[in-house]
Every structure is written in structure tokens, then in C-alpha cells.
Amino acid sequence: MPIPVRFISLAMVAGALAGCATYSPQPLDPATQQTRLVQRTLSDPELSGWLDARKVPSAWGLDRLAWTAVHNSAELKAAQAHWHTAQAAAITAGAYPNPQLDGSLEHVPASADGSASWTRGLSLGIPIVTAGKRSARIAAAAADAEQARLEYADVMWRQRQQVRSALVDMLAPADALQTLADAQSERARLMQKRMELGLAGHPDLTQARLTAQAAIAEAADARRTQVESRATLAGVLNVPMESLAGIPISFDIVSVPMPASQLPQLDLQREALLKRADVLAPLAAYQSAEASLRLEVAKQYPDFTISPGLLWEAAQTKWTLGLSLLPPLFDRNRGPIAEAHARRNEAAANVMKAQAKAIAELDHARGGYLIALNTLDAATVRVTDARRLVVSAQRSLAAGTGIRSEVLGAKVELARATADRQLALIQAERALGDLEDATRTPLIGQPFPVLRMTDNNKDASTP
């Protein structure tokens with residue numbers, strides 16, 4: 001082989017090897033990971049610095065806890081990794097096909113004059129992609145990456161709402177129900193004394209004891225709900241439950257419902273539906289299906305390879321030019337095109353389904369919240385009336401015109417009214433959370449713009 005050609009071949013090989021990536025092993029140790037999870041605390045300096053850098057309020061309320069969940073969430077890290085994988089796939093889709101270098105060596109047997117020779121060949125196969133297939137692949141991969149980004153953003157939003165839900169459940173009226181149980185138990189003891197004096201019968205005492213036992217069980221259920229909600233919160237934060245011990249949790253944001261007069265207008269909230277990540281994700285899936293259909297249609301036109309080469313035969317240098325392609329004589333890619341058409345129609349239906357679901361959720365959540373506010377207002381009035389009744393009964397007892405059982409009865413009514421108001425507050429806060437979910441926008445507290453947080457040009461966890 002002549003020296004210049006040999007040099008060119010070696011240079012091409014060396015250039016290809018110079019651009020190769022290197023492999024770096026990263027073994028995982030499950031035991032070490034588990035130890036880190038078990039030892040994770042809310043006072044970790046790295047977490048504190050991360051929160052402070054994002055100017056998150058220092059009080060352990062909804063905002064700080066939500067950002068802590070974002071920082072620690074294993075589910076969110078998995079969604080982010082999926083997004084990065086989709087971005088890498090977009091790089092693959094945009095890659096140009098590599099040329100193919102072919103060499104040949106042929107020995108020609110001795111002829112009649114006794115001479116023998118060698119024939120040497122070298123050709124370079126250059127693939128030519130036709131009909132815009134590469135741009136279609138890039139468009140499909142970019143849409144897939146956008147869908148993964150939107151799904152990641154929706155997972156981030158769910159971290160906040162899971163924290164919010166756990167905080168709301170922790171508002172269970174254990175104290176008010178314990179007060180009610182104490183008052184009912186006191187009434188049962190008074191009924192015992194009345195029976196001993198012959199002023200009441202066994203049925204009255206039995207009824208009083210059953211009522212007291214029911215109140216005690218109700219208070220125990222509320223305490224269990226608080227403990228379970230605390231465990232749920234620890235799970236969302238991805239920290240051991242004991243890490244919450246000594247943490248002063250603030251319920252300010254989840255214990256003050258937004259007045260109906262301050263709600264955004266319905267038209268504005270319906271416009272916000274178009275910015276929901278879980279509504280935009282099916283749209284990205286449709287764009288991917290559209291690009292995939294374009295790719296399958298383009299595959300009706302074959303790609304081809306041009307192969308210029310050199311041939312050295314009998315001390316002569318010859319130029320060669322080859323052309324290869326796979327003509328679609330029997331199949332015009334009809335099957336894959338039909339499948340791509342069907343997938344695009346399915347993706348379009350999913351877009352409409354997501355939009356219809358979002359509209360229904362908004363209307364349902366808004367109506368439910370307004371009803372919950374009315375229930376809360378009525379419960380608040382009842383608490384006010386019950387307090388007046390207690391004051392009146394105590395004054396009558398002090399003046400000698402009332403009896404102790406009337407005071408206990410008034411306290412029972414106040415405790416029950418207080419517990420019912422707390423339950424009405426919980427229902428209102430849950431309805432407010434549903435309303436926030438409908439637009440993926442916080443109505444109380446710091447903004448949580450998940451789509452801007454997952455901007456491709458920014459750190460995905462930067463507010």
C-alpha cells in the first residue's frame with residue numbers, strides 16, 4: 001500500500017480513538033446507602049445550606065418542609081435521572097451515521113508467464129440519510145425529553161402537596177376530643193353519684209358510661225391520626241421519624257383558609273390549567289408521536305451509501321465508486337406507518353382527556369372549597385354560641401341558680417363544637433389543597449413554579 005494512503009488510514013483510526021469516552025466504574029453499596037438514609041436529619045448542615053441558598057423561610061412550616069422533601073426525595077431523583085436519560089437519547093438521535101472503511105486483499109495466481117500479483121483495495125462507505133429522517137428523530141427525541149421534564153416537574157409538585165396533606169392531617173382535634181372525653185367521664189361520675197342517691201337509674205348510668213367511652217375512643221383515634229400523619233410526613237421528607245422530634249412544626253399556612261373573596265377569578269384559574277405539567281406532558285407525547293409518524297413516512301424512501309475507493313492492481317492505481325441501497329420493492333413501510341398513525345390519534349385523545357380532567361378537577365375543587373368554607377363558618381358560629389352557653393351556666397352556678405351538671409353539659413357542647421370546627425377546618429384545607437392541585441399553583445405560601453424550576457438552562461432544583 002502506498003505510504004500516503006497508509007498514513008491517511010492510520011490518521012483516521014488514531015483520530016477515532018482519540019475522541020473515545022472512558023469508562024469509570026461506580027459501584028453501589030446498598031448497606032452504605034441504607035446507613036445514610038437512617039442517619040439523615042433535618043439539622044444536616046448540607047440541607048441547611050441548600051435551603052438557605054434558596055431563601056427558604058427558616059420556620060419549619062409548609063414551605064421549608066416542602067423544599068426539604070424536594071431535596072431528599074428518592075422519587076424525585078429517579079424522575080430527574082429519567083429526564084437526563086431522555087436528554088441523552090436526544091443527543092443520540094442527532095448523531096450522524098459513521099462512515100465505514102473497507103479494505104480488501106486479493107492474490108492473483110501465476111499466469112502462463114509465471115508471474116503472480118496482489119490486488120489491494122480501500123474504500124470509504126459514506127451513509128446518506130434521506131427524506132429528513134434525522135430531523136424527525138431529533139424532533140421525537142426532543143419531545144420525549146420534554147415529556148420527561150414535565151413529568152419530573154409534576155413529581156416535584158406532588159412532593160409539596162404530600163407535605164401539605166400530612167400537615168393538614170396532623171391538625172386532627174385530639175386536644176378538643178380529649179377535653180370532650182374528660183367532660184363526658186365527669187358526667188358519668190356524677191351520674192354514678194345520682195344513682196347512688198336514688199336520683200337516676202342504671203340505664204342512665206349505662207348511657208353516660210357508653211357516651212364517655214365513645215368520646216375516649218374518638219380522642220384516641222385523633223391521637224393515632226396525628227402520629228400516623230407525623231410518620232407520613234417523615235416518609236415524604238425521607239428522614240427517620242425520630243428526626244422530627246424537637247422540630248417546632250408551624251401550621252400557619254395550612255390552618256388559615258383563604259376567604260372566598262380572595263380566590264382568583266375562575267377564568268384566570270382555567271387559563272392556568274394550560275400550564276399544568278400533567279396537561280403539558282400529554283401534549284409533548286403528541287409531538288413525539290407526530291415526529292415518529294413523520295419518520296415512518298420518510299422511511300418509504302431508502303437511505304443509501306456512497307463508497308468511493310482506491311484499487312491497486314498490477315502496479316496500476318484505479319478509482320472506484322460504489323452505490324448501495326435497499327429499494328422498497330415489496331413493502332412501502334405500510335405497517336409501521338399505520339401504527340404511527342394510531343399512536344398519534346391515541347396521543348391526541350390523551351391530550352383531550354388530560355384537559356377535560358383538569359377542567360373537571362378545577363370546577364369540582366372550587367365548588368367543594370366554597371361549600372367547605374360555609375361549613376367552617378357555621379362551625380365557628382356554633383363554637384361562639386357554645387362559649388356563651390358555658391359562661392351563662394357558670395354564672396348561674398355561681399349565683400346559686402344553676403347546677404354542676406348544667407355546666408358540664410355546656411362544656412361538653414363547647415368541646416364537641418370545637419372538635420367539629422377543627423374537623424371542618426381540616427376539610428376546608430383539604431379542599432383548598434385540591435384547588436391548588438387543579439392549577440398546580442399555591443394559593444397561600446411561597447410560589448412553587450415547578451416548570452421554571454425544571455428549566456433546561458437551570459439547575460432543576462433552583463427556585
Side-chain angles (χ1 to χ4, degrees), residues 16-28 33 46 50 53-54 66-67 69-98 127 129 131-161 238 274-299 303 336 339-340 343-344 346-348 350-351 354 440 447-463:
L17 294 176
C20 291
T22 59
Y23 166 70
S24 299
Q26 293 184 354
L28 288 178
Q33 287 185 323
E46 191 274 333
W50 190 87
R54 285 151 181 78
W67 278 108
V70 168
H71 177 273
N72 292 343
S73 173
E75 180 185 5
L76 191 61
K77 286 179 173 59
Q80 186 181 39
H82 175 64
W83 172 32
H84 292 166
T85 300
Q87 288 178 310
I91 298 175
T92 302
Y96 288 96
N98 289 313
V129 180
K133 297 185 186 71
R134 178 175 175 271
S135 61
R137 289 190 183 96
I138 293 175
D144 290 340
E146 176 64 7
Q147 181 182 0
R149 182 184 76 91
L150 293 167
E151 291 172 350
Y152 170 48
D154 202 52
V155 172
M156 185 181 294
W157 170 260
R158 290 202 301 270
Q159 298 302 307
R160 179 189 187 274
Q161 292 307 90
N238 209 8
L274 298 177
K275 299 179 182 179
R276 278 179 54 161
D278 63 336
V279 172
L280 295 175
L283 182 59
Y286 175 81
Q287 293 170 346
S288 176
E290 178 79 12
S292 297
L293 174 58
R294 180 156 58 95
L295 175 61
E296 295 301 334
V297 171
K299 285 181 179 180
D303 299 335
E339 291 182 21
R343 283 193 292 267
R344 186 180 66 174
E346 182 181 0
N350 287 335
V351 171
R440 298 299 195 266
F448 205 74
V450 293
L451 291 181
R452 184 164 63 84
M453 287 182 233
T454 57
D455 191 332
N456 284 316
N457 298 321
K458 303 174 67 176
D459 174 15
S461 299
T462 302

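Applying the side chain to side chain donor-acceptor pair (under 3.5 Å) test to S288 and every residue at least two apart in sequence or in another chain returns D144. A153 is linked by a side-chain contact (heavy atoms from CB on, under 4.5 Å) to A277, V450, L451, T454, counting only residues two or more places apart in sequence or in another chain. Among residues two or more places apart in sequence or in another chain, the ring pair (Phe, Tyr, Trp, His ring centres under 6.0 Å) test is passed with Y286 by none. A search for salt bridge (Lys or Arg N to Asp or Glu O under 4.0 Å) contacts involving R294 returns nothing, not counting sequence neighbours. For E346, the salt bridge (Lys or Arg N to Asp or Glu O under 4.0 Å) test picks out no residue, with sequence neighbours left out.
Of all heavy-atom pairs between A291 and A140, the closest is CB-N, 3.4 Å. Between Q147 and A281, the shortest heavy-atom contact is CG-O, 3.8 Å. Shortest non-hydrogen contact noted between L76 and V70 is CD2-O, 3.4 Å. Nearest approach of F448 to M156, heavy atoms of both residues: CE2-O, 3.6 Å. Minimum interatomic distance between N98 and P127 (heavy atoms only, all atoms of both residues): O-CG, 3.4 Å. Contact between A141 and A89 at its shortest, heavy atoms only, is CB-O, 4.1 Å.
The list of salt bridge (Lys or Arg N to Asp or Glu O under 4.0 Å) pairs with a residue in residues 131-142, not counting sequence neighbours, reads K133-D303.
Taking CZ of R149 as the reference point, atom CD of Q87 lies at 9.5 Å (rounded to 0.5 Å). Atom CD of E290 and atom CG of L283 lie 11.0 Å apart (nearest 0.5 Å). Separating the CD atom in E75 from the CG atom in N238 is a distance of 10.5 Å, to the nearest 0.5 Å. Distance check, rounded to the nearest 0.5 Å: NE2 of H71 to CH2 of W67 gives 11.5 Å.
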* To do: Run the numbers on E339 and E296 for side-chain contact (heavy atoms from CB on, under 4.5 Å), then give the verdict.
  => CA-CA 9 Å; E339 291 182 21; E296 295 301 334; over 6 Å; no
* Verify side-chain contact (heavy atoms from CB on, under 4.5 Å) between D154 and R440, making sure each step is shown before the conclusion. => CA-CA 9 Å; D154 202 52; R440 298 299 195 266; 3.0 Å; yes
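Within a 6.0 Å radius of NZ in K77, other residues, nucleotides and ligands contribute more than 12 heavy atoms.
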